[in-house]
Protein chains: 2
Amino acid sequence: MSSTTSTTSTTSTLGFAILALLARADSTGYEIASRMRNPVAYFWTASHSQIHTDLQRLLSAQMVAYDRAPGPGPQDKKVYTITAKGRDALREWITTPPRPQPERDELVLKSYAAWLADPAALMEMFRTALHRHEERLAEYERAWASLEEGAPPLFGTPKFGNMAALRCGLGYERHRVEWCRWMLDQLSRSLNPSCEAAKPNDE
Amino acid sequence: MSSTTSTTSTTSTLGFAILALLARADSTGYEIASRMRNPVAYFWTASHSQIHTDLQRLLSAQMVAYDRAPGPGPQDKKVYTITAKGRDALREWITTPPRPQPERDELVLKSYAAWLADPAALMEMFRTALHRHEERLAEYERAWASLEEGAPPLFGTPKFGNMAALRCGLGYERHRVEWCRWMLDQLSRSLNPSCEAAKPNDE
DNA sequence: CTTCATTATGTCAGTTCTTACATAGTTGGA
DNA sequence: TCCAACTATGTAAGAACTGACATAATGAAG
């Protein structure tokens, strides 16, 4: 309605990811990038170049502010803080239902085209994927155990967010491990279909 | 080796998605777009504008060719076919291990920041998401049942690809439904923590 | 008869994101 | 002592993708 305060929230999803991290702890751009590589925040990643770009955009939108702190390096480092305006925008964004995501997954795409390729080579690819997912799963299980050790997750504390995201990650990796194993089983059957009658057909 | 045939495979993932569809059936650009909206091929989507752009790129790379066919419309429609070169490139791409995907998921990001927001509003958002995933799951289960009806999935036939991708979709939607329910349970507990001992913990 | 959905092609502006380039101090090991 | 890794900032070119614009025939419903 009011033409002055344009509510054209031009903040991108990455912008909100940055705000979500700053709401937990003040950070430099570099720290934000490394915190995003952390598996707990595994669901959104960005290169440092884009983080710097977005921080500048958030700055001009007055969503964040920064204090200069010395070194190490030629320039001062900039420790960013979320502003009240940024926290308001973040809070509003959190409960806005996201549009259904387009599910872009290269491995599934490859499986869809798998009938054209060499089964042995496919098996190697899925074995690699399986190992990756098993490692991630183990990592998440360790993180989950260490989160459950302390006090129960209180809503209103960052720990709640950690558990929520981690719980999703656990379920996702379990599903992936299962799927990769199923694929490997199907592919091995196509290589030696001899034991067709012997197999008990359940797992 | 040979400097003339530059193996700089500049084909994007979308390009291979298009090739994978054309390997199953010749299609116009419009048909490719609608086939990508089909839930069986739910793992990669694109707007028609980008499909047209990529088809032109694939054409100049001689990965596809087309025959003109009449109407309906002002121009002839172009029925695209995958070429031998395109099929070779596709086959090579299928077994190349994809880099670990960055897992960009807005809903998980929101859950990570959920501790800052209103639990009631969050519950509504997760209820919406739950319904979407339940619907998808039902859709996939129907598709799976109709795939199992016929002959068993033979490797070397497109049906194998359908089952592979669908199996992944089923596992994913189940995991999502489970996670959304867990989130709703956690959020409802934070709203009335009184019945901590009373509730039977299942639904 | 008009209107609307579907089939069908394409361009263009703008956003998001990746990759490479560019700089520079500190710290720790070989 | 030198070299590599880490901390720290940023720019710029280009790829990937979205959404709006633009055109136009067919067929079905009202």
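Throughout, protein chains are lettered first and strands after them, A, B, ... in sequence-line order, and every chain is numbered starting at 1.
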Which pairs with one or both residues in residues 145-166 of chain B pass ring pair (Phe, Tyr, Trp, His ring centres under 6.0 Å), sequence neighbours excluded?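 Listed by first then second residue: B:Phe155-B:Phe160.
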Please table the atom pairs, donor to acceptor, closer than 3.5 Å between any side-chain atom in residues 49-58 of chain A and protein atoms at least two apart or in another chain.
unit_1  : atom_1 : unit_2  : atom_2 : d
A:Ser49 : OG     : A:Ser47 : OG     : 3.2
A:Thr53 : OG1    : A:Ser49 : O      : 2.8
A:Asp54 : OD1    : A:Arg57 : NH2    : 3.0
A:Asp54 : OD2    : A:Ser12 : OG     : 2.9
A:Asp54 : OD2    : A:Gly15 : N      : 3.4

All pairs passing side-chain hydrogen bond (donor to acceptor under 3.5 Å, both in side chains) where residues 34-46 of chain A contributes a residue, at least two apart: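 Checked against side-chain hydrogen bond (donor to acceptor under 3.5 Å, both in side chains) - neighbours excluded - the pairs reaching residues 34-46 of chain A are A:Ser27-A:Arg35.
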Side-chain heavy-atom pair B:Arg167, A:Trp182 within 4.5 angstrom cut-off: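 When only atoms from C-beta onward are counted, A:Trp182 and B:Arg167 do touch, with a gap below 4.5 Å.
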Using a 4.0 Å heavy-atom cut-off across all strands, classify B:Arg57 as base, sugar-phosphate, or nothing. sugar-phosphate
Counting only side-chain nitrogens and oxygens, does [X] get under 4.0 Å of the OP1 or OP2 atom of [N]?
| X | N | result |
| --- | --- | --- |
| B:Lys78 | C:dG10 | yes |
| A:Arg104 | D:dT18 | yes |
| A:Arg99 | D:dG19 | yes |

Euclidean distance, atom NE2 of residue B:His52 to atom C1' of C:dT9 [Å, nearest integer]: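 Checked: the NE2 to C1' distance equals 5 Å.
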Let me check something: any side-chain donor-acceptor pairs from residues 106-116 of chain A under 3.5 Å, sequence neighbours excluded? List them with distances.
unit_1   : atom_1 : unit_2   : atom_2 : d
A:Lys110 : NZ     : B:Trp93  : O      : 2.6
A:Lys110 : NZ     : B:Thr96  : O      : 2.6
A:Ser111 : OG     : A:Val108 : O      : 2.7
A:Tyr112 : OH     : B:Arg24  : NH1    : 3.3

Which residue pairs satisfy the salt bridge (charged side-chain N to carboxylate O under 4.0 Å, His left out) criterion with at least one member in residues 130-145 of chain B, sequence neighbours excluded?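 Every pair satisfying salt bridge (charged side-chain N to carboxylate O under 4.0 Å, His left out) with a residue in residues 130-145 of chain B: B:Glu134-B:Arg181, B:Glu141-B:Arg174.
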Scan residues 42-50 of chain A against DNA chain C and write down, sorted by residue number, each residue with any heavy atom closer than 4.0 Å; if none is found, say none.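 A:Trp44, A:Ser47, A:Ser49, A:Gln50 - these, ordered by number, are the residues of the stretch whose heavy atoms sit under 4.0 Å from the strand.
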